[in-house]
Number of protein chains: 2
Amino acid sequence: MEVFPGKILIVDDEPDIVEFISYNLKSKGYLIAAAKDGVEAIRKAKDFRPDLILLDIMMPNKDGIETIRELRAMHEFDDTAIIFLTALNDEKYEIEGLKIGADDFISKPIKPELLATRIGSALRRFRKDEEQEQKQTFGDLEINKTKFTVSYKGVDILLAKKEFELLCLLASKPGRVFLRNEILQRVWGTDVIVGDRTIDVHIRKIRQKVGIDLITTVKGVGYKFEMS
Amino acid sequence: MEVFPGKILIVDDEPDIVEFISYNLKSKGYLIAAAKDGVEAIRKAKDFRPDLILLDIMMPNKDGIETIRELRAMHEFDDTAIIFLTALNDEKYEIEGLKIGADDFISKPIKPELLATRIGSALRRFRKDEEQEQKQTFGDLEINKTKFTVSYKGVDILLAKKEFELLCLLASKPGRVFLRNEILQRVWGTDVIVGDRTIDVHIRKIRQKVGIDLITTVKGVGYKFEMS
DNA sequence: CGCCATATTACGGAATTGTTAAGAACTGAT
DNA sequence: ATCAGTTCTTAACAATTCCGTAATATGGCG
């Protein structure tokens, strides 16, 4: 197992299909995770961080179209390729899916070789430079998503996971105000329901730990990231 | 610039592109040769013996597909990486090219940084064959993958196989966080199913045996290798 | 002042990881 | 094959950290 080609999340409600695809891709060295419906898919995507998602359209509990819409809405997965699995001749979905942000389609029944080449080319198209780390700097502040670290003037600051995610979100568009609502959806996900004060508490912790005032409150609206 | 990174043959019929790429790669220390079509490419390859060939697909006088086919047919260039240059969205060639023996694709217009990283990783993939002692050192720590040993300040530390593999994985990208998921699949393989605590136990043993704190826990995410 | 939104603080439950020991699985030698 | 020694996995429990909430404080603004 020398180079590893990528991580793939398979989403389908039929265990047989998941098993079949999973087996095929594993043999090619991919790392696999699976989900059985849209809700689970989004949750798993958040912590598995796949390079590509194979998404069945027909599913209970949030269908493929809706799932892809949500995934694309939180911009966390902008670098993730998404391939739809469709029943044969399901063109109406294809057009729909393309508009929303699918990158390719594969019709069932699935042929292993076809699957492999399509996945390969989708990944190549999307390949972020896996080699180099994803980091952003703002003046003396550095946020490194690969290392999960934040440092200020070279000194590391230890943030908890939620704090880190929240900071990443705000820092993804410096200056832009994120509504409280939006923050909840993007950091906590659509299913989880937490009180409003929770955000404040995390914001406070970030401010406290970082020391300087990175995050500006926009009263009645939300928060934004801004270097003074 | 101590070691020279490699020799590259650029094959494209547009002088501007050749010039552009050439300029970029020279600045990184590569030795460059150029050819304007497939026929010339093969001739030059024979006496320049490049480590890597950048091959345009659309060319007069023998196109890229045909050229690569011939190059691969004579086994003289089995150790040479070949990267295709394609117009955007030219997938049909990509699949074709992969079958025949291309190692990667880069779409025009070409971005210099991307070019560099792709070339770097293609070369690295091919270099691996040259068997040399694969060892890494981090401060006082040395990991020798050929000898299967780890030493700290010159003193050997006996790690069990799984412990060694785990440490190697983490050390392969110092600082980068590996998700628990990822660790399981890459160290234990995809079929084996082991409990979550197993990872912790092995981590603990490594920490215990090595003595110093090499491995940092990122709660809710995974582990990373980091010299303090 | 009184209202409203946010800030702050502290606390308990939840989730995650650390630790230990025990036995299963493996290894190599006799 | 048997045995000793090691390695691997698990299970149970301890320790830690994280997260959400609620209660209270603060501060702006009409």
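FYI, side chains are in, hydrogens and waters are out, and symmetry mates aren't considered; it's all heavy atoms of this structure. Throughout, a chain's letter reflects where its sequence line sits, starting with A, and its residues are numbered from 1.
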Next on the checklist: What contact category does A:K219 fall into here, base, sugar-phosphate, or nothing, at under 4.0 angstrom with non-hydrogen atoms?
Outcome noted: base
Checklist entry - Rounded to the nearest Å, what distance is computed from the CG atom of residue B:L179 to the C1' atom of nucleotide C:dT16? => result 15 Å
Checklist entry - When all nucleic acid strands are considered with a 4.0 Å heavy-atom cut-off, which category describes A:L159: base, sugar-phosphate, or nothing? => result nothing
Checklist entry - Which part of the nucleic acid does A:T217 contact within heavy-atom distance under 4.0 Å: base, sugar-phosphate only, or nothing? => result sugar-phosphate
Item to check | Nucleotide D:dC18, atom C1' - distance to CD of A:Q208 in whole Å | outcome: 14 Å
Item to check | B:A160, nearest nucleotide to its side chain (from C:dT20, C:dG18, D:dT7) | outcome: D:dT7
Next on the checklist: Rounded to whole Å, please give me the gap between CG in B:D196 and P in D:dA11.
Outcome noted: 12 Å
Checklist entry - Using a distance-only test with no angle check, is there a side-chain donor-acceptor pair under 3.5 angstrom linking A:S172 and A:R186? => result no
Next on the checklist: Categorize A:H202 for me: base, sugar-phosphate, or nothing, with a 4.0 angstrom heavy-atom threshold over every strand shown.
Outcome noted: sugar-phosphate
Checklist outcome for this item: Taking for A:V201 and for A:G220 the nucleotide of DNA chain C with the nearest heavy atom, the one nearer the 5' end belongs to A:G220
Checklist entry - For the pair made of CG in B:D200 and P in C:dT16, what is the distance, rounded to whole Å? => result 12 Å
Item to check | B:Y223 versus B:D200, side-chain donor and acceptor atoms under 3.5 Å | outcome: yes
Next on the checklist: So B:Y223, base contact, sugar-phosphate only, or nothing? Heavy-atom distance under 4.0 Å.
Outcome noted: sugar-phosphate
Item to check | Integer-rounded Å distance: C:dT16 C1' and B:N181 CG | outcome: 15 Å
Item to check | Contact under 4.0 Å: B:R204 side-chain N or O vs C:dT20 OP1/OP2 | outcome: yes
Item to check | Options D:dT10, C:dT17, C:dT9, nucleotide nearest the side-chain atoms of B:R180 | outcome: C:dT17
Checklist entry - A:I183 CD1 to C:dA5 C1': how many Å, rounded? => result 14 Å
Checklist entry - With respect to the phosphate group of C:dG18, does any side-chain polar atom (N or O) of B:R207 fall under 4.0 Å of OP1 or OP2? => result yes
Next on the checklist: To check you understand the geometry: which heavy-atom pair defines the closest contact between A:F164 and A:N144, and what is its length?
Outcome noted: CZ-O, 3.7 Å
Checklist outcome for this item: With the side chain defined as heavy atoms from C-beta on, A:K161 is closest, among D:dC19, D:dT10, D:dC8, to D:dC19
Next on the checklist: Nearest whole Å is fine: how far is C:dC26 C1' from B:K162 NZ?
Outcome noted: 11 Å
Item to check | Full working for side-chain contact (heavy atoms from CB on, under 4.5 Å) between A:I68 and A:I53 | outcome: CA-CA 10 Å; A:I68 199 174; A:I53 301 176; over 6 Å; no
Next on the checklist: If we count only N and O atoms by modelled type, under 3.5 Å, do the side chains of B:T137 and B:E142 hold a donor and an acceptor together?
Outcome noted: no
Next on the checklist: Quick one, A:F138 with A:F225, criterion ring pair (Phe, Tyr, Trp, His ring centres under 6.0 Å). Give me CA distance, side-chain angles, the key distance, then yes/no.
Outcome noted: CA-CA 10 Å; A:F138 310 90; A:F225 175 92; 4.7 Å; yes
Item to check | N or O in side chain of B:R197 less than 4.0 angstrom from D:dA12 OP1/OP2 | outcome: no
Item to check | B:T198, nearest nucleotide to its side chain (from D:dC18, D:dG20, D:dT9) | outcome: D:dT9
Next on the checklist: Can you tell me if B:W188 touches the phosphate of D:dT9, counting only side-chain N or O atoms and a distance under 4.0 Å to OP1 or OP2?
Outcome noted: yes
Item to check | Nucleotide D:dC8, atom C1' - distance to CZ of B:F164 in whole Å | outcome: 18 Å
